[in-house]
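Worksheet for the structure shown next.
All residue numbers refer to positions in the sequence shown, counting from 1. What's counted below: heavy atoms across the whole structure, side chains too, no hydrogens, waters or symmetry copies. Atoms within a ligand are numbered from 1 in the order they appear, just like the ligands themselves.
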Amino acid sequence: MALFSKKPSITEKDIMIKPLPQHIAIIMDGNGRWAQKRGLPRAAGHRAGIEALKKIVECALDINIKYLSVYAFSTENWKRPKEEINILMDLIVEYIVKELNKLHEKGVKINSIGDLSQLPPETSKYIIAAQEKTYRNNKLILNVALNYGGRAEITNAVKDIAKHVSEGKLKIEEINEDIVSQYLYTKSQPDPDLMIRPSGEMRLSNFLLWQVAYSELWITNVLWPDFRPQHLFEAIYDFQNRNRRFGGLDTKD
Ligand code: IPE
Ligand code: IPE
Ligand code: MG
């Protein structure tokens with residue numbers, strides 16, 4: 001009977017019945033553990049993580065997700081050994097360079113979020129070029145979070161707002177939540193509806209702090225390099241069956 005007790009997996013068909021999330025954010029975590037489990041160097045885990053990213057971007061395009069935000073390197077990841085940081089930067093550039101034409105043809109807009117000025121110039125050069133090439137695309141907006149920190153983003157927004165107030169470009173009375181949103185990297189984008197974290201950690205790790213105020217969280221023990229479209233479908237299916245109240249009451253009450 002064990003054969004029949006296995007939960008059937010969610011397929012693309014199952015998630016196409018109800019509205020899809022417009023914006024999905026993913027904390028691509030667990031590369032190191034994936035490598036460790038196999039007795040491989042951490043770099044192998046990061047490389048496998050890039051392969052998972054490719055599959056998930058393709059899947060997001062196939063099912064018509066409009067915004068996908070992926071956490072690739074945090075402001076806290078500078079604490080890692082220099083060697084690992086270099087490998088991560090190289091892999092990100094390699095992904096962008098190798099995949100750029102394909103992504104461009106498919107209508108992906110590459111949009112980096114985070115402070116590029118602190119990245120090695122040869123890394124930021126390729127990212128800026130990819131952003132410029134894909135600027136007009138709008139099938140899928142791919143926010144790649146590089147040297148991104150939610151607190152740094154909000155701190156920069158506060159500084160820019162203060163500057164504009166002191167220059168007379170903005171009045172204090174005009175500052176509201178929408179205005180603050182316009183000072184973030186994700187300006188003019190909807191907030192993520194769904195935030196996915198593979199590898200089981202129950203934390204946000206400084207990702208999109210302002211924007212995820214009302215996002216639905218979906219955490220899985222699957223490590224990021226093992227994350228496949230079937231897991232994305234599961235997350236979306238779960239999301240579609242949740243009751244989002246935004247502080248109000250059930251609509252059916
Ligand atoms: C995610 O995997 C990649 C980055 C944070 C850049 P990790 O390298 O954090 O993998 P674990 O958490 O050690 O397994
Ligand atoms: C979050 O993962 C950052 C990225 C995936 C880029 P971390 O591995 O850095 O997060 P913590 O240290 O477990 O919170
Ligand atoms: Mg980690």
Practice prompt. Please work out whether the ring planes of F73 and W78 are parallel, tilted or perpendicular, with thresholds of 30° and 60°.
Written response: perpendicular
Worksheet item: Starting from atom 10 (O) of ligand 1, which protein heavy atom do you reach first, and at what distance in Å?
Response: G32 N, 2.9 Å
Worksheet item: Could a heavy atom of K79 be found less than 4.0 Å from some atom of ligand 2?
Response: no
Fill in: Donor + acceptor pair across side chains of N31, H46 (<3.5 Å)
yes
Discussion item. Give me the residue, atom name and distance of the protein heavy atom closest to atom 3 (C) of ligand 1.
Written reply: N31 ND2, 3.6 Å
Worksheet item: Is there side-chain contact between L116 and N147, with at least one heavy-atom pair below 4.5 Å?
Response: no
Item to complete: Just jot down the ligand 2 atoms closer than 4.0 angstrom to any heavy atom of R80, in number order.
Response: 7 (P), 8 (O), 9 (O)
Item to complete: Would you mind listing which atoms of ligand 1 come within a distance below 4.0 Å of any non-hydrogen atom of H46?
Response: 3 (C), 8 (O)
Item to complete: Report the C-alpha separation of K102 and E58 in whole Å, then their side-chain angles, then the decisive distance to 0.1 Å, and conclude whether the salt bridge (Lys or Arg N to Asp or Glu O under 4.0 Å) test is met.
Response: CA-CA 10 Å; K102 200 163 115 198; E58 295 228 348; 3.3 Å; yes
Fill in: Aromatic W34 / basic R38 pairing, under 6.0 angstrom, 45° off normal
yes
Discussion item. Tell me whether ligand 1 is touched by R42 - counting only heavy atoms on the residue side and a distance under 4.0 Å.
Written reply: yes
Worksheet item: Using heavy atoms and a threshold below 4.0 Å, how should the contact between F207 and ligand 2 be classified: side chain, backbone, both, or neither?
Response: neither
Discussion item. With respect to S74, determine whether any N or O atom, backbone or side chain, lies less than 3.5 Å from an N or O atom of ligand 2.
Written reply: no
Worksheet, complete the sentence: Closest to atom 13 (O) of ligand 2 by heavy-atom distance, out of M28, R203, E201, R33, is R203
Discussion item. Can you tell whether the side chains of K54 and E51 come within less than 4.0 Å, N to carboxylate O?
Written reply: yes
Worksheet item: What atoms in ligand 2 come closer than 4.0 Å to a heavy atom of F73?
Response: 6 (C)
Practice prompt. May I ask you to identify the nearest protein heavy atom to atom 14 (O) of ligand 2, giving residue, atom name and distance to one decimal place in Å?
Written response: S205 OG, 2.6 Å
Discussion item. Pairs of nitrogen or oxygen atoms closer than 3.5 Å, one from A72 and one from ligand 1: do any exist?
Written reply: no
Discussion item. Side chain or backbone, does N77 bring an N or O within less than 3.5 Å of an N or O on ligand 2?
Written reply: yes
Worksheet entry | L88: numbered ligand 1 atoms lying under 4.0 Å from its heavy atoms | 6 (C)
Discussion item. Between R47 and E94 (salt bridge meaning N to carboxylate O under 4.0 Å), is one present in this structure?
Written reply: yes
Worksheet entry | Carboxylate-amine/guanidinium contact E201 R197, below 4.0 Å | no
Worksheet item: Does a side-chain N-to-carboxylate-O contact under 4.0 Å join K169 and E167?
Response: yes
Worksheet entry | Whether G30 lies under 4.0 Å from ligand 1, heavy atom | yes
Discussion item. Below 30° counts as parallel, above 60° as perpendicular, anything between as tilted: where do the rings of H23 and Y67 land?
Written reply: tilted
Item to complete: Give the atom name of whichever N/O/S atom in D29 sits closest to the Mg ion (ligand 3).
Response: OD1
Item to complete: Indicate whether any N or O donor in one side chain lies under 3.5 Å from an N or O acceptor in the other, for D29 and S199.
Response: no
Worksheet entry | Residue E201, metal the Mg ion (ligand 3), N/O/S under 2.8 Å | no
Discussion item. Pairs of nitrogen or oxygen atoms closer than 3.5 Å, one from W34 and one from ligand 1: do any exist?
Written reply: no
